[in-house]
Amino acid sequence: MGLNDQQEQRLAKLRALREQGLDPYPPRALRTHSAAEAVARFTAIEPSLGGEPDPEVVAVVGRVVAIRDLGRIVFCHIRDGSGAIQIYLRRDLLGDERLAWFKRFIDLNDFIEVQGHLFRTRTGEISVQVQEFRLLTKALNPPPDKWRGLSDVETRYRQRYVDLLTSEKVRRIFVVRAQLIRALRRYLDERGFLEVETPTLQPIYGGAAARPFTTYYHALDQTFYLRISDELYLKRLLVGGYERVYEICKDFRNEGIDARHSPEFTMLEFYAAYCDYLDVMQMCEEMVVYAAEQALGTLVIPWGEHTVDLTPPWRRVSLREVLLEHTGIDFLHVTEQAELYARARALGADVQPTTVWPRILDELLKSFVRPRLIQPTFVYDYPVELSPLAKRKPDDPRLVERFQLFIGGLELANAYTELNDPLDQLARFLEQARDRELGDEEAMPIDEDFINALMYGMPPTGGFGLGIDRLVMLCTNQQNIREVILFPQLRVKPEMTGLVEALAPYLHLVVATPTVPTISGRSPSADEGSDSSHD
RNA sequence: GGGCCGGUAGCUCAACUGGCAGAGCAGCGGACUUUUAAUCCGCGGGUUGUGGGUUCGAUUCCCACCCGGCCUACCA
């Protein structure tokens, strides 16, 4: 590939800087105000200034994102984590040489530090009148298109750093994501939940139906699996005596990638002793409402062509009713596989004669019901065959106490009154094992140790799982899950970029020419301490 | 896995029926003392995803492959 002309230009500038005895990557910066703080400061004191500039000198830093060179004056925008601010350089303040140097050596994407007085320009923009400036970091790559930014999806995902540095909208997605997670944690922490960490590498996978990623654990000389769920470990903790636990973690399912599925995704699960699924339903509603309020400041969310309103109370409907409503099928009365198959087929569902009864039902739910559940909807009471870890309803053993939450056509959460009867649990596992032998790769393997744990007694418990990525999708109006994952996986490109070879001739430039001896009175040991106990 | 679409300058995109590979931004040089996508003049920049084939001639047509997107399948 080699270097393009712009990279060559910038490397030539880098060389010139070295020859001038300047460090293009100095270790420290001087900053008295962030961009936003500088603007806020000037706004606050402006009425007392009588049109004069701020008499104090401020120091701001940031990436150069725009340069407008008007000859004897130059306007730039620099951006830091708080936002952007305009800087204003004029020859009669800086001198001929300094301004020329700026124009010659400062490029878009470079980081700089400027000192000067805040003022308001004739066109009304609060700006820094630069008296001193300094290069903080030389950028060797130019930014993408000034207006349209980076639009190639593949590049956006492969080089997310470029996507982020280009797009405020993309940066905001991950801020909202963090705010949502923070709020979920706060909600649970404030209600007595203990945050725990359970194994990512598991000798037996369980807690969900999915194909796992497999790895080899050399120290133990055994095959291990990346967790598809943390459910069975969290329940063991309830056996152990904790009443309320939660974990936010990555789960891994070795399955297809599409707009709503990422093989590596983030899940929140919580378990609360002495609660049932109706208690959990209430908490789920409160928690999601709280998170949205904290992250977005509103409960009314644009979602594609729809508007989702999270204002409680949310609709609650049994699976039987909602299937009846959208397909006309009453699954409590269509109990024969052949009949259900015929009915589903008549509706146009993509099912095979061999598709088992519960999977047909699931297909009906996915194809005919879920896409229509735009406003928050709890669907509850599922057939036992679909839910091997949930407790049966006392008055109808064909059903389990389970609900799913649908918003915006997304399956967002799944919860049960947890099965704590070790014998029933074993019976469910055995059923799964039978399906497994019949070729259902996703059916759960038997986890004997989990049965053993239940034999010690797990209190009546409500459990809950929430797809964090999907909640972020909803709250940021993103229709593809990869838009809310910072570094989504893509197939590695086999071709070499040749960057290593292309940059080799420039490696001598890393030898800095010392100019000013270090006069810092601070010693590294005093500065950095030895608080890191890692290793 | 299947179907459809795409990959051209650093970025965003053109290139008709096969006929000199172009524009805007960015870059480089010049002019300009209040700009906001600044403006104006000039200049450079290409392995057209990769490899084959057809042809006097291929970004364009054909084949294979690579990468990606959408749909579909798979996925409680």
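Because only heavy atoms are used, hydrogens play no part in the values below, and waters and symmetry mates are left out as well, while side chains stay in. Letters A, B, ... are given to chains in the order of the sequence lines, protein chains preceding strands, and every chain is numbered from 1.
Neither OP1 nor OP2 of G69(B) sits under 4.0 Å from any side-chain N or O of R158(A). The phosphate of G68(B) (OP1 or OP2) has a side-chain N or O of R491(A) nearer than 4.0 angstrom. In this structure, K146(A) reaches the A38(B) phosphate: one of its side-chain N or O atoms is under 4.0 Å from OP1 or OP2. Put simply, R359(A) has a side-chain N or O that comes within less than 4.0 Å of OP1 or OP2 on A76(B). Note on R72(A): a side-chain N or O is less than 4.0 Å away from OP1 or OP2 of U33(B). Listed pair K13(A) / C28(B) meets the phosphate criterion, a side-chain N or O lying under 4.0 Å from OP1 or OP2.
At a threshold of 4.0 angstrom between heavy atoms, the contacts of P388(A) include nucleobase atoms, whether or not backbone atoms are also involved. Counting any heavy atom pair closer than 4.0 Å across all strands shown, L490(A) reaches sugar-phosphate atoms only and no base atom. Within 4.0 Å of R402(A), counting heavy atoms only, lie sugar-phosphate atoms of the nucleic acid but no base atom. Within the nucleic acid shown, Q86(A) comes within 4.0 Å of at least one base atom, counting heavy atoms only. At a threshold of 4.0 angstrom between heavy atoms, the contacts of L150(A) are confined to the sugar-phosphate backbone, with no base atom among them. Within the nucleic acid shown, S151(A) comes within 4.0 Å of sugar-phosphate atoms alone, with no base atom in reach, counting heavy atoms only. Looking at heavy-atom distances under 4.0 Å, N254(A) makes no contact with the nucleic acid at all. Counting non-hydrogen atoms under 4.0 angstrom, D69(A) reaches a base of the nucleic acid. No engagement by Y382(A) is indicated, since no non-hydrogen atom pair under 4.0 Å with the nucleic acid exists. Residue L108(A) is in sugar-phosphate contact alone, with no base atom involved, counting any heavy-atom pair closer than 4.0 Å across all strands shown. Using a 4.0 Å heavy-atom cutoff across all strands shown, Q9(A) reaches sugar-phosphate atoms only and no base atom.
Geometrically, R160(A) does not engage F487(A) in a cation-pi contact, judged by NZ or CZ lying under 6.0 Å from the ring centre and within 45° of the ring axis. In this structure, R104(A) is not positioned above the aromatic face of W101(A) in the sense of NZ or CZ being under 6.0 Å from the six-membered ring centre and within 45° of the axis.
Taking only side-chain atoms of H261(A), from C-beta outward, the nucleotide of C75(B), C11(B), G69(B) with the closest atom is C75(B). Checking G69(B), A76(B), G10(B) against every side-chain atom of L386(A), the shortest atom distance belongs to A76(B). Of the listed nucleotides (A76(B), U34(B), G10(B)), U34(B) has the atom at the smallest distance from the side chain of T121(A). Comparing A76(B), G69(B), U35(B) by their closest approach to the side chain of Y157(A) singles out G69(B). Distances were taken from every side-chain heavy atom of D5(A) (C-beta onward) to each of C28(B), G10(B), C70(B); the shortest belongs to G10(B). The D92(A) side chain lies nearest to U33(B) when the options are C75(B), U12(B), U33(B). Nearest nucleotide to the R148(A) side chain, out of A76(B), U12(B), U34(B): U12(B). Of the candidate nucleotides G69(B), U35(B), A76(B), G69(B) has the atom nearest to the side chain of R482(A). Nearest nucleotide to the N480(A) side chain, out of U33(B), A76(B), C70(B): C70(B).
Note: CG (N4(A)) to C1' (G46(B)) measures 12 Å, nearest angstrom. Atom CD in Q129(A) sits roughly 13 Å away from atom P in U34(B) (whole-Å rounding). One interatomic measurement links the two molecules: CD of Q7(A) to P of A26(B), which rounds to 18 Å at whole-angstrom precision. At whole-Å resolution of the value, CD1 in I257(A) and P in C74(B) are 17 Å apart. The CZ-P distance, from R91(A) to A31(B), rounds to 11 Å in whole Å. Between the P atom of U35(B) and the CD1 atom of I126(A) lies a distance of 17 Å, rounded to the nearest Å. The distance between atom CH2 of W357(A) and atom P of A76(B), rounded to the nearest whole Å, is 16 Å. When rounded to the nearest whole Å, the span between CG of L11(A) and C1' of C28(B) equals 15 Å.
Side-chain N/O atoms of K393(A) and Y382(A) include no donor and acceptor closer than 3.5 Å. Side chains of E269(A) and Y233(A): no donor on one and acceptor on the other come within 3.5 Å.
With hydrogens and angles ignored, no donor-acceptor pair under 3.5 angstrom links the side chain of D258(A) to the base of C71(B). No N or O donor and acceptor, one from the side chain of D145(A) and one from the base of G10(B), sit under 3.5 Å apart. In terms of polar N and O atoms assigned as donor or acceptor, the side chain of Y88(A) comes within less than 3.5 Å of the base of U34(B) in a complementary pairing. Scanning atom types as modelled, no donor and acceptor separated by under 3.5 angstrom connect the side chain of E125(A) and the base of U34(B). Side-chain N/O atoms of R68(A) and base N/O atoms of U35(B) include a donor-acceptor pair closer than 3.5 Å.
A heavy-atom distance below 4.5 Å is not found between the side chains of T200(A) and D230(A).
Straight-line distance between the C1' atoms of A38(B) and A26(B): roughly 15 Å, to the nearest whole Å. The gap from the C1' atom of C13(B) to that of U48(B) amounts to 13 Å, rounded to the nearest Å. Nucleotides G44(B) and G7(B) place their C1' atoms 25 Å apart, quoted to the nearest Å. Here the separation of G6(B) from C63(B), taken at their P atoms, is 15 Å to the nearest Å. With C1' as the reference atom, U50(B) and C25(B) are 29 Å apart, rounded to whole Å. Comparing A21(B) with G46(B), their P atoms sit 13 Å apart, to the nearest whole Å.
Heavy-atom nearest nucleotides on RNA chain B were determined for W147(A) and for Y416(A), and the one closer to the 5' end corresponds to W147(A). The residue among K366(A) and A259(A) whose nearest nucleotide of RNA chain B lies closer to the 5′ end is A259(A).
Taking the six-membered ring for Trp and the full ring otherwise, F403(A) and F378(A) have centroids separated by under 6.0 Å. Aromatic pair Y88(A)/F119(A): ring centres closer than 6.0 Å. Within the 6.0 Å centre-distance limit, the rings of F133(A) and F102(A) are counted as a close aromatic pair.
Within a 6.0 Å radius of NZ in K169(A), other residues, nucleotides and ligands contribute 12 heavy atoms or fewer.
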